[in-house]
Amino acid sequence: MDLDLLRDEQEWLAKQVVIPSTPFDFTPYDILFGIDIQYVGEQAFCAISAHYFNGEHIQTFILKTQAGMEYISGFFCFREGPPVLRAIRKILEKQNIIPKLILIDGHGIAHPRQLGIASWIGVKTNLPSIGIAKRPLLKYEGTLAPERGATIPIRLKNKVVGTVLRTQTDIKPVFVSPGYNISIEQASDLTLQLSPSYRISNPIRIADHVARAYSKEKKVAQVISL
DNA sequence: GCGACAG
DNA sequence: ATCTTGTCGC
């Protein structure tokens, strides 16, 4: 695998990433997607959970497809991106559902080359996206207060690129960064809103659950196969 | 050279 | 991410 070439590709795509400084006005009945993948070897089970911005669950979709390549830290977008893109395109054309925002496991611009999986998806689809990771990729300073809603910034070369966010009191935080076309602050605010009960946001949590079940050959009611 | 390393 | 046992809690 030619990592130098993939690095060039990431740097090229990073130039196309737009991060506004002001929030966008979403409507309670705009639609967002929560996305997660489970792997069995190179088989990828991609689940997409559709929700309204008020949090209400609409529908869940599943697609079994091939991983983009092996996993290499820092190059996750090339493994997870292609399967996700296939699933999104199938929903757009076959289900006629168009999201206003995408939430995905992993980082956005809080990445050494500012091109995590969320940014890759955002650039490829031209849709606003947020990356929410369970572990940091960049070092950060400071101590996070124990209460739900507490935040501290994540910096890259003295520039703020994301937020350490505590979604539940006394529970480990998550690491939020914009993927594409959404502000750092709104990315954090929306993530908190969409995480009413658990550490992981509901849309991603449901996608994780469905992808996990299908990766183990188990069926889940009310899931649409793409 | 050594350690660290999203999912 | 996956590999794995017991265990705590709703």
Side-chain angles (χ1 to χ4, degrees), chain A residues 1 3-4 6-7 9-11 13-14 17 33-49 62-88 102-124 129-141 154-156 161-165 167-180 184 187-188 191 196-218:
Chain A
M1 190 55 54
L3 295 188
D4 287 334
L6 296 183
R7 241 183 291 271
E9 174 75 4
Q10 287 181 318
E11 286 165 4
L13 292 173
V17 172
F33 284 175
I35 305 180
D36 190 38
I37 290 187
Q38 298 289 328
Y39 298 92
V40 176
E42 291 307 292
Q43 287 298 307
F45 294 81
C46 179
I48 298 186
S49 186
I62 186 85
L63 175 69
K64 180 181 178 181
T65 181
Q66 200 77 18
M69 63 170 230
E70 73 270 36
Y71 171 73
I72 301 174
S73 180
F75 300 87
F76 183 49
C77 60
F78 300 113
R79 175 172 178 78
E80 186 131 320
V84 168
L85 206 50
R86 281 175 215 131
I88 291 174
I102 288 171
L103 302 186
I104 188 160
D105 250 338
H107 293 99
I109 61 171
H111 175 282
R113 291 170 294 283
Q114 300 187 58
L115 201 99
I117 174 65
S119 299
W120 191 95
I121 292 295
V123 170
K124 297 291 184 180
S129 62
I130 299 173
I132 309 171
K134 295 183 285 297
R135 297 161 58 184
L137 195 45
L138 301 177
K139 294 304 173 189
Y140 61 92
E141 303 178 343
I154 300 171
R155 292 188 171 80
L156 178 65
V161 292
T163 311
V164 182
L165 170 67
T167 54
Q168 301 297 330
T169 298
D170 291 333
I171 300 294
K172 284 193 304 179
V174 294
F175 305 85
V176 183
S177 59
Y180 180 80
I184 291 171
S188 174
T191 299
S197 314
Y198 303 96
R199 177 182 181 228
I200 304 301
S201 71
N202 232 0
I204 289 179
R205 195 166 174 273
I206 292 173
D208 178 87
H209 174 244
V210 170
R212 198 174 296 274
Y214 272 78
S215 72
K216 294 176 179 175
E217 314 278 73
K218 299 195 173 189

Taking all non-hydrogen atoms of both residues into account, name the closest pair between [X] and [Y] and its distance.
X	Y	answer
A:I121	A:G81	CD1-O, 3.9 Å
A:S177	A:V161	CB-O, 3.3 Å
A:G68	A:P82	CA-CG, 4.1 Å

- request: Evaluate the ring planes of A:W120 and A:F78, with Trp represented by its six-membered ring, and classify them as parallel (under 30°), tilted (30 to 60°) or perpendicular (over 60°).
  value: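 Perpendicular: the ring planes of A:W120 and A:F78 meet at over 60°.
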[X] side chain vs [Y] backbone, donor-acceptor pair below 3.5 Å:
X	Y	value
A:R113	A:G74	yes
A:S129	A:Y180	yes
A:S119	A:G179	yes

message: My validator wants the stems of DNA chain B: runs of 3 or more consecutive Watson-Crick or G-U pairs, both distances under 3.5 Å, written as range with range.
response: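 Counting only runs of 3 or more consecutive pairs, none involve DNA chain B.
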message: With side chain to side chain donor-acceptor pair (under 3.5 Å) as the rule and sequence neighbours excluded, what pairs involving residues 204-214 of chain A come up?
response: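 Those involving residues 204-214 of chain A are A:Q38-A:D208, A:D208-A:R212.
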- prompt: Of all residues at least two apart in sequence or in a different chain, which pass the side chain to side chain donor-acceptor pair (under 3.5 Å) check with A:S188?
  reply: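 By the side chain to side chain donor-acceptor pair (under 3.5 Å) rule, A:S188 matches no residue at all.
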message: Take N1-N3 plus N6-O4 or O6-N4 for Watson-Crick, N1-O2 plus O6-N3 for G-U, both under 3.5 Å. Which runs of 3 or more such pairs involve DNA chain C?
response: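 If one scans DNA chain C for consecutive Watson-Crick or G-U pairs, no stem of 3 or more turns up.
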query: Can a salt bridge be assigned to the pair A:R79 and A:E42 using a cut-off of 4.0 Å between side-chain N and carboxylate O?
result: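 Result for this pair is yes, salt bridge flagged.
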- request: Answer yes or no: is there a side-chain heavy-atom contact under 4.5 Å between A:I104 and A:V84?
  value: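 In contact.
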message: A side-chain contact here means heavy atoms from C-beta on lying under 4.5 Å apart; do A:T163 and A:I154 qualify?
response: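 Not touching, per the 4.5 Å side-chain cut-off.
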Between protein and nucleotides 7-10 of chain C, what N or O pairs are separated by less than 3.5 Å?
none

Counterpart residues, ring pair (Phe, Tyr, Trp, His ring centres under 6.0 Å), relative to A:F75 (two or more places apart):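 Ring pair (Phe, Tyr, Trp, His ring centres under 6.0 Å) list for A:F75, sorted by chain: empty.
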Sequence-distant partners of A:Y71, ring pair (Phe, Tyr, Trp, His ring centres under 6.0 Å), two or more places apart: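 Per chain and number, A:Y71 pairs via ring pair (Phe, Tyr, Trp, His ring centres under 6.0 Å) with A:F76.
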task: List for me each residue that meets side chain to side chain contact (heavy atoms under 4.5 Å, CB included) alongside A:K134, sequence neighbours excluded, and say none if there are none.
output: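 Side chain to side chain contact (heavy atoms under 4.5 Å, CB included) list for A:K134, sorted by chain: A:D105, A:R199, A:I200.
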Neighbours of DNA chain B within residues 133-141 of chain A, by heavy-atom distance under 4.0 Å: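 When residues 133-141 of chain A is checked for heavy atoms under 4.0 Å from DNA chain B, the hits, listed by number, are A:A133, A:K134, A:R135, A:P136, A:L137, A:K139.
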- request: Examine the side chains of A:Q66 and A:Q43 and answer whether a donor and an acceptor come within less than 3.5 Å of each other.
  value: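 Checked: A:Q66/A:Q43 side chains pair up, N/O donor to acceptor below 3.5 Å.
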How would you label the contact of [X] with the nucleic acid (heavy atoms, under 4.0 Å): base, sugar-phosphate, or nothing?
X	result
A:G74	base
A:I117	base
A:F75	base

query: First contact, last contact: which nucleotides of DNA chain B are these for chain A, 5' to 3', heavy-atom distance under 4.0 Å?
result: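 The contact span of chain A on DNA chain B goes from B:dC5 to B:dG7.
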- prompt: Out of curiosity, A:S49 OG to A:I35 CD1, how far, rounded to the nearest 0.5 Å?
  reply: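 Separation between the atoms: 10.0 Å.
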query: Heavy-atom contacts under 4.0 Å between residues 36-48 of chain A and DNA chain C, which residues?
result: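 A:Q38, A:Y39, in order of number.
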query: Rounding to a whole Å, what distance do you find between A:R212:CZ and C:dC3:C1'?
result: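 Those two atoms, CZ and C1', are 13 Å apart.
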query: Mind checking what makes salt bridge (Lys or Arg N to Asp or Glu O under 4.0 Å) contact with A:D4, not counting sequence neighbours?
result: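 Applying salt bridge (Lys or Arg N to Asp or Glu O under 4.0 Å) to A:D4 gives A:R7.
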